[in-house]
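Reviewing the structure listed below.
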Amino acid sequence: MKIGQVVKSVAGRDKGNLLVVTANRPEGLFVADGKARPLERAKLKNQKHIMITGYCLKENEYCTNRALRSALRQLNANEMNAERGQKNV
């Protein structure tokens, strides 16, 4: 798993939320969302409890909590629009 990779939580309180990987350790991944989990206080998450989304953020898109929230909000909106398009077909 690469740093900057966008993942979706599939277990825990943050289930369904988009998060970005900030560090990769043998015991798990550190993830942040810029709001509930700011970059300074990233959460250690078990790799079994996340799903890879296929998106990867550039370093300047997650260098601050504000930039991270903005990037994740945009990705979340794109994902919601894609789901709506599939349901209408």
Side-chain angles (χ1 to χ4, degrees):
M1 188 84 46
K2 293 180 1 182
I3 294 175
Q5 180 80 42
V6 178
V7 296
K8 190 174 210 172
S9 176
V10 294
R13 279 192 214 182
D14 54 2
K15 182 178 181 178
N17 293 349
L18 291 179
L19 307 159
V20 69
V21 176
T22 59
N24 194 348
R25 300 284 184 270
E27 61 272 11
L29 302 170
F30 281 95
V31 294
D33 67 1
K35 187 172 182 169
R37 282 292 171 179
L39 292 165
E40 302 81 27
R41 201 170 47 91
K43 177 175 179 48
L44 179 64
K45 195 92 169 143
N46 190 321
Q47 289 189 20
K48 292 187 282 186
H49 298 160
I50 60 165
M51 179 178 69
I52 299 170
T53 62
Y55 298 109
C56 193
L57 298 179
K58 297 175 189 155
E59 191 171 343
N60 64 339
E61 293 178 307
Y62 66 92
C63 60
T64 65
N65 289 313
R66 185 179 206 171
L68 176 56
R69 284 192 308 269
S70 176
L72 291 178
R73 191 178 312 117
Q74 187 175 8
L75 285 173
N76 202 16
N78 291 345
E79 192 174 278
M80 295 299 281
N81 288 337
E83 285 178 9
R84 282 189 202 134
Q86 289 177 353
K87 288 181 183 176
N88 292 337
V89 173

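The structure displayed is predicted, hence computed values, not measured ones.
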Pairs touching residues 15-32 that satisfy salt bridge (Lys or Arg N to Asp or Glu O under 4.0 Å), sequence neighbours left out: none
Inter- and intrachain pairs under salt bridge (Lys or Arg N to Asp or Glu O under 4.0 Å), touching residues 55-73, at least two apart: none
Between NZ on residue Lys8 and CG on residue Leu19, distance to nearest 0.5 Å: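 With rounding to 0.5 Å, NZ (Lys8) is 10.5 Å from CG (Leu19).
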Asn78 side, atom CG; Thr53 side, atom OG1 - distance, nearest 0.5 Å: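 Nearest 0.5 Å value for the CG-OG1 distance: 11.5 Å.
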Residues which pass side-chain contact (heavy atoms from CB on, under 4.5 Å) with Arg41, listed by chain and number, not counting sequence neighbours: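 Arg41 satisfies side-chain contact (heavy atoms from CB on, under 4.5 Å) with Arg37, Pro38 only.
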By side-chain contact (heavy atoms from CB on, under 4.5 Å) - contacts of Gln47 (at least two apart): Asn24, Leu29
Asp33 (side chain) donor-acceptor with Ala36 (main chain) under 3.5 angstrom: yes
Can you list the other members of the hydrophobic cluster that holds [X], where links are side-chain heavy atoms under 4.5 angstrom apart?
X	result
Leu18	Ile3, Val6, Val20, Leu39, Tyr55, Leu57, Tyr62, Leu68, Leu72, Leu75
Leu44	Phe30
Met51	Val10

Contact summary for Cys63 and Asn60, nearest pair of heavy atoms: SG-O, 3.4 Å
Closest non-hydrogen atom pair between Cys56 and Gln5, with its separation: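 Looking at all heavy atoms of both residues, the closest pair is SG-N, 4.0 Å.
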Residues forming a side-chain hydrogen bond (donor to acceptor under 3.5 Å, both in side chains) with Asn65, sequence neighbours excluded: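 Asn65: side-chain hydrogen bond (donor to acceptor under 3.5 Å, both in side chains) contacts with Glu40.
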Non-neighbouring partners of Asp14 that pass side-chain hydrogen bond (donor to acceptor under 3.5 Å, both in side chains), sequence neighbours left out: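 If we apply the side-chain hydrogen bond (donor to acceptor under 3.5 Å, both in side chains) test to Asp14, skipping adjacent residues, the hits are Ser9, Lys45.
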